[in-house]
Amino acid sequence: MAKILIVDDNIMNCKMAMRILEPLKMELDTAENGKVALDKIRSGTYDVVLMDHMMPVMDGVEAVRQLRVMESGRYQSLPVIALSAATEPEIAEVFREVGMNDFVAKPIQAEVLYKALRKWLPENETLEQLSVSKEVGADKAALNKAEGLSDIDGIDIREGIKNSGGPDFLINLLGIFYQLIDIKTQKIVQCIADNLIRDYTVEVHGLKNTARMIGAIELSGEFEHLEQLGNAKDMVAIERETPQVLEHYARYKAYLKAYGAAANQEGREASVEELILFLQGICDAMEAFDLDSADEALARLEECRIPVVCETWMEKLRAYVADVDMDHAIETAQEMIKVLENERG
């Protein structure tokens with residue numbers, strides 16, 4: 001069984017790639033940035049790496065540059081396929097220069113990714129599945145299945161279905177998009193406050209792609225404009241124009257609220273004790289200023305179905321952890337623990 005490492009800081013992009021690869025019955029692993037990816041590659045064995053371009057902490061270009069100078073020969077020969085919405089020739093040339101083996105444009109199209117994998121996977125790995133797997137695309141049947149998705153403010157349903165691969169998965173992505181609005185807004189505001197132009201650009205670049213993925217075409221274009229300002233390092237224009245775009249972005253909380261609630265209910269069932277354990281983990285990590293552990297505890301909590309009485313608290317907790325607002329994150333987690341203990345009786 002082939003083992004694939006998907007490296008992307010954007011949860012929606014990861015889910016999209018995993019959905020496309022799911023029919024192939026591969027072993028899939030993920031990493032949220034290049035640094036985590038290198039750690040996983042050192043300690044594990046992968047057949048192919050799907051590497052996003054723009055990420056915080058360490059981007060895909062720097063990760064592959066470091067990968068190719070590692071001592072073991074397996075690091076020089078490990079196939080890396082770049083994933084990027086940037087299709088300019090100069091970007092593709094940078095990918096080649098650092099040692100990436102191939103390139104797949106975003107939004108990812110199943111047949112394009114399959115073709116790249118067929119080229120780089122070992123001959124005995126999954127090739128039969130790759131050659132017979134059906135395209136995970138938005139065919140006429142999928143477009144005709146868009147019942148209940150025909151009237152969402154700010155969303156072009158046909159574009160969303162085409163870019164996400166189908167109406168069922170689009171519904172899932174709409175819920176994730178809703179859940180991330182507060183987190184992403186806080187991150188962007190903090191990047192401006194701290195004058196972190198590169199991090200700002202990474203964030204708006206990601207939102208450009210995910211907005212397009214769900215069919216929020218106008219919003220995607222606004223984030224693309226902010227990305228251009230970030231690339232130009234035009235801080236005056238960034239400070240002037242970002243608030244209006246974030247105001248537009250915030251409206252999607254009202255547009256997509258029902259899908260956010262549905263996404264929460266798709267999480268796995270977890271006991272009160274398990275939920276409290278993750279919440280306490282967030283408190284402990286924040287008190288120790290261990291941001292990686294806080295993010296990990298939150299990610300594990302996000303996998304669970306959150307009780308309705310905690311949904312409002314959960315939205316606040318996401319934002320506070322993303323904003324590294326330790327006091328409010330701890331306070332919110334403790335309030336959630338109290339609510340859960342009362343529910344347990």
*May I ask you to decide if the ring planes of Y252 and H248 are parallel, tilted or perpendicular, using 30° and 60° as cut-offs?*
tilted

Between [X] and [Y] (side chain of the first, backbone of the second, donor and acceptor by atom type, cut-off under 3.5 Å), is there such a pair?
{"X": "N163", "Y": "R212", "answer": "yes"}
{"X": "Y46", "Y": "I6", "answer": "no"}
{"X": "N101", "Y": "V80", "answer": "yes"}
{"X": "D47", "Y": "K3", "answer": "yes"}
{"X": "S220", "Y": "K208", "answer": "yes"}

*E62 and R65 ion-paired at < 4.0 Å*: yes

_Salt bridge or not between E303 and R300? Use side-chain N to carboxylate O under 4.0 Å._
no

According to a 4.5 Å side-chain heavy-atom criterion applied to Ile, Leu, Val, Met, Phe, Trp and Tyr, with indirect links allowed, do [X] and [Y] form part of one hydrophobic cluster?
{"X": "Y200", "Y": "F223", "result": "yes"}
{"X": "L38", "Y": "L83", "result": "no"}
{"X": "M55", "Y": "I197", "result": "no"}
{"X": "V7", "Y": "V48", "result": "no"}
{"X": "L28", "Y": "I81", "result": "yes"}

*What's the verdict on salt bridge (Lys or Arg N to Asp or Glu O under 4.0 Å) for E22 and R19, showing C-alpha distance, side-chain angles and the deciding distance?*
CA-CA 5 Å; E22 184 179 12; R19 179 179 185 271; over 6 Å; no

*Yes or no on side-chain contact (heavy atoms from CB on, under 4.5 Å) for L174 and I152, after CA distance, side-chain angles and deciding distance?*
CA-CA 10 Å; L174 290 172; I152 305 175; 3.9 Å; yes

Over all heavy atoms of both residues, which pair between [X] and [Y] is shortest? Give the atoms and the distance, please.
{"X": "L121", "Y": "A2", "result": "CD2-CB, 3.8 Å"}
{"X": "Q76", "Y": "E71", "result": "OE1-O, 4.0 Å"}
{"X": "Y75", "Y": "L67", "result": "CB-O, 3.5 Å"}
{"X": "V272", "Y": "L340", "result": "CG1-O, 3.8 Å"}
{"X": "M235", "Y": "I192", "result": "CE-O, 3.5 Å"}
{"X": "A31", "Y": "K40", "result": "CB-CD, 4.4 Å"}

Return the [atom1] to [atom2] distance between [X] and [Y], rounded to the nearest 0.5 Å.
{"X": "L277", "Y": "I282", "atom1": "CG", "atom2": "CD1", "answer": "10.5 Å"}
{"X": "I306", "Y": "L301", "atom1": "CD1", "atom2": "CG", "answer": "4.0 Å"}
{"X": "L298", "Y": "L317", "atom1": "CG", "atom2": "CG", "answer": "5.5 Å"}
{"X": "L50", "Y": "L117", "atom1": "CG", "atom2": "CG", "answer": "6.0 Å"}
{"X": "I176", "Y": "L256", "atom1": "CD1", "atom2": "CG", "answer": "12.0 Å"}
{"X": "L21", "Y": "M16", "atom1": "CG", "atom2": "CE", "answer": "10.5 Å"}

*Go through M54 and E227 one step at a time and tell me if the side-chain contact (heavy atoms from CB on, under 4.5 Å) criterion holds.*
CA-CA 12 Å; M54 294 184 68; E227 180 187 8; 4.0 Å; yes

*V204 vs T242 side-chain heavy atoms within contact, under 4.5 Å*: no

_Between F177 and Y259, ring centroids under 6.0 Å_ = no

*Scan side-chain atoms only and decide if Q186 and D182 contain a donor-acceptor pair under the 3.5 Å cut-off.*
no

*In sequence, state the C-alpha distance, the side-chain angles, and the governing distance for K162 and E159, and then conclude on salt bridge (Lys or Arg N to Asp or Glu O under 4.0 Å).*
CA-CA 5 Å; K162 182 180 74 174; E159 277 295 307; 3.0 Å; yes

